[in-house]
Protein chains: 2
Amino acid sequence: MDAPLLDIAEVARRSGLAPSALRYYEKRGLITADGRNGLRRTYRPGVLERLTMITCARSAGLSIAEIHRFVVARPSDADLRARMTARADDLDEQIGRLTRLRDSLRHASVCAHEPIVDCPDFRRAVGNVPREHGTADADTPPAPAPPV
Amino acid sequence: MDAPLLDIAEVARRSGLAPSALRYYEKRGLITADGRNGLRRTYRPGVLERLTMITCARSAGLSIAEIHRFVVARPSDADLRARMTARADDLDEQIGRLTRLRDSLRHASVCAHEPIVDCPDFRRAVGNVPREHGTADADTPPAPAPPV
DNA sequence: CCTTGACTTGAAGCGCGGTTGAAGTCGCAG
DNA sequence: CTGCGACTTCAACCGCGCTTCAAGTCAAGG
């Protein structure tokens with residue numbers, strides 16, 4: 001069974017990440033090199049899947065630290081399982097926001113309002129339901145910007 | 001018609017953003033204060049909707065600079081309309097990624113793999129379809145991490 | 001063996017998105 | 001009128017996620 005080990009340049013090329021980023025991820029514990037050939041890192045091909053997952057999670061707004069927690073997780077870690085479901089719930093909300101923003105952008109791109117972003121339809125889609133007269137709502141304990 | 005102007009503290013409270021962030025957004029051209037009472041900024045209530053939109057866009061990964069472009073856009077700006085639809089397409093992809101990541105997290109939270117993130121189901125859901133034997137694919141010109 | 005050049009390390013630097021601090025201004029209650 | 005404290009500005013600073021640089025190592029080709 002050949003396990004054709006990859007060097008860092010190859011992994012960089014296939015993953016689309018810079019070598020410096022790969023070293024950085026290793027330092028932060030997100031990936032591990034299989035071994036060394038002299039000084040040079042050698043990677044198992046599986047690292048590519050790991051990197052795809054990491055890139056995906058990063059694009060979802062997860063911090064390196066949080067991804068690290070998932071990566072080092074052992075099945076017995078009930079605490080982490082809770083974090084995972086919590087994260088999944090966060091993602092649900094974010095998916096909703098993104099969907100609304102996407103729809104708003106699509107509308108804005110064909111609408112004729114002066115500052116385009118102030119189009120009522122745009123705003124409604126983003127999630128604003130402007131009060132009909134004035135600001136009737138006393139206080140709005142707002143969604144406190146999720147500290148990713 | 002009363003337009004009950006708001007002071008920065010009120011806007012901060014209702015928007016959930018720090019006053020410093022509001023000043024920063026103003027400096028970057030994302031919002032404008034209606035006027036001043038002495039030195040103090042006064043805001044029209046409409047700024048709150050603007051801020052909701054901004055927060056939404058930020059959470060979607062748009063940079064301040066890009067939001068600024070949308071904010072200053074005039075309907076005649078065809079170039080910008082193109083950017084908007086392009087952004088909407090980006091968001092579609094991102095929504096897909098997030099959905100997969102969410103499903104993966106939900107699965108991982110009930111699965112018993114050693115490094116949980118290496119569960120085959122998890123990886124498949126994130127978008128990896130590991131080759132059956134070895135890495136048969138010669139080169140993988142990869143998704144070049146969208147430079148948000 | 002000798003060169004070459006891709007790799008190694010650690011530290012410093014960068015851009016972003018704000019926050020913090022110092023020093024000053026001023027609306028408003030008393 | 002006086003004083004308090006919430007506002008103002010501007011510059012410096014911070015954490016994150018890398019990138020860049022300088023200096024060194026070493027595998028492999030000639």
Side-chain angles (χ1 to χ4, degrees), chain A residues 4-43 47 50-71 142-148, chain B residues 4-43 47 50-71 142-148:
Chain A
L5 292 183
L6 312 172
D7 68 358
I8 199 171
E10 181 73 4
V11 174
R13 198 179 60 76
R14 292 206 198 172
S15 68
L17 295 164
S20 58
L22 297 176
R23 290 186 208 106
Y24 179 71
Y25 285 173
E26 183 176 335
K27 187 156 35 182
R28 300 294 306 272
L30 299 196
I31 60 175
T32 51
D34 177 56
R36 297 284 180 128
N37 175 18
L39 276 190
R40 306 179 183 196
R41 289 165 178 81
T42 55
Y43 294 96
V47 79
R50 175 71 71 97
L51 286 170
T52 302
M53 185 274 289
I54 291 170
T55 302
C56 176
R58 291 280 308 122
S59 89
L62 302 216
S63 69
I64 299 261
E66 180 136 30
I67 297 171
H68 176 74
R69 287 189 215 116
F70 293 155
V71 155
V148 176
Chain B
L5 293 182
L6 311 172
D7 68 359
I8 200 172
E10 182 72 4
V11 174
R13 199 179 59 75
R14 291 205 198 173
S15 69
L17 295 164
S20 59
L22 297 177
R23 291 186 207 105
Y24 180 70
Y25 285 173
E26 183 176 334
K27 186 158 33 180
R28 299 296 305 272
L30 299 196
I31 60 175
T32 51
D34 177 56
R36 298 284 181 128
N37 176 17
L39 276 189
R40 307 180 183 196
R41 288 163 178 83
T42 55
Y43 294 96
V47 78
R50 176 71 70 97
L51 286 170
T52 303
M53 184 273 289
I54 292 170
T55 302
C56 177
R58 290 282 305 123
S59 88
L62 302 216
S63 69
I64 299 259
E66 180 136 30
I67 297 171
H68 176 73
R69 285 188 217 117
F70 293 154
V71 155
V148 176

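Note on naming: letters A, B, ... go to the chains in the order of the sequence lines (proteins, then strands), and numbering restarts at 1 for each one.
- With DNA chain D read from its 5' end, the first of the two nearest nucleotides for A/L39 and A/K27 is the one closest to A/K27.
- Summarising the geometry, the separation between OH on A/Y43 and P on C/dA6 is reported as 17 Å, rounded to the nearest angstrom.
- The CZ-C1' distance, from A/R41 to D/dT25, rounds to 13 Å in whole Å.
- Using modelled atom types, no side-chain atom of B/T42 and backbone atom of B/D34 make a donor-acceptor pair closer than 3.5 Å.
- Across B/V11, B/T32, B/L5, B/L51, a single residue satisfies side-chain contact (heavy atoms from CB on, under 4.5 Å) together with B/Y43, and that is B/V11.
- Remark: A/R36 is not in phosphate contact with D/dT25, judged by side-chain N or O atoms under 4.0 Å from OP1 or OP2.
- Of all heavy-atom pairs between A/L62 and A/R58, the closest is O-NH1, 2.8 Å.
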For B/Y24 and B/L30: C-alpha separation, side-chain torsions, deciding distance, then whether side chain to side chain contact (heavy atoms under 4.5 Å, CB included) applies. CA-CA 9 Å; B/Y24 180 70; B/L30 299 196; over 6 Å; no
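- Side-chain proximity of A/I8 to D/dC7, C/dT8, D/dC18: nearest is C/dT8.
- Contacts of A/A18 with the nucleic acid, taken as non-hydrogen atoms under 4.0 Å apart, involve only primed sugar atoms and P, OP1 or OP2.
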I would like to know whether B/R13 and B/E10 meet salt bridge (charged side-chain N to carboxylate O under 4.0 Å, His left out); could you show each step before the answer? CA-CA 5 Å; B/R13 199 179 59 75; B/E10 182 72 4; 3.2 Å; yes
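- Protein atom CZ of B/R28 is 13 Å distant from nucleotide atom P of C/dG15, rounded to whole Å.
- Heavy atoms of A/R23 sit under 4.0 angstrom from at least one base atom.
- C/dG17 atom P lies 10 Å from atom CG of B/L62, rounded to whole Å.
- Whole-Å rounding puts the A/Y24 OH to C/dC14 C1' distance at 13 Å.
- Between D/dC18 and A/Y25, a contact under 4.0 Å exists linking OP1 or OP2 to a side-chain N or O.
- In this structure, the CD atom of A/E26 is 14 Å from the C1' atom of C/dG10, given to the nearest Å.
- Straight-line distance from the CG atom of A/N37 to the C1' atom of C/dA6: 12 Å, rounded to whole Å.
- The interatomic distance linking B/L22 (CG) with C/dT20 (P) rounds to 14 Å, in whole Å.
- Listed pair B/R40 / C/dG27 fails the phosphate criterion, with no side-chain N or O lying under 4.0 Å from OP1 or OP2.
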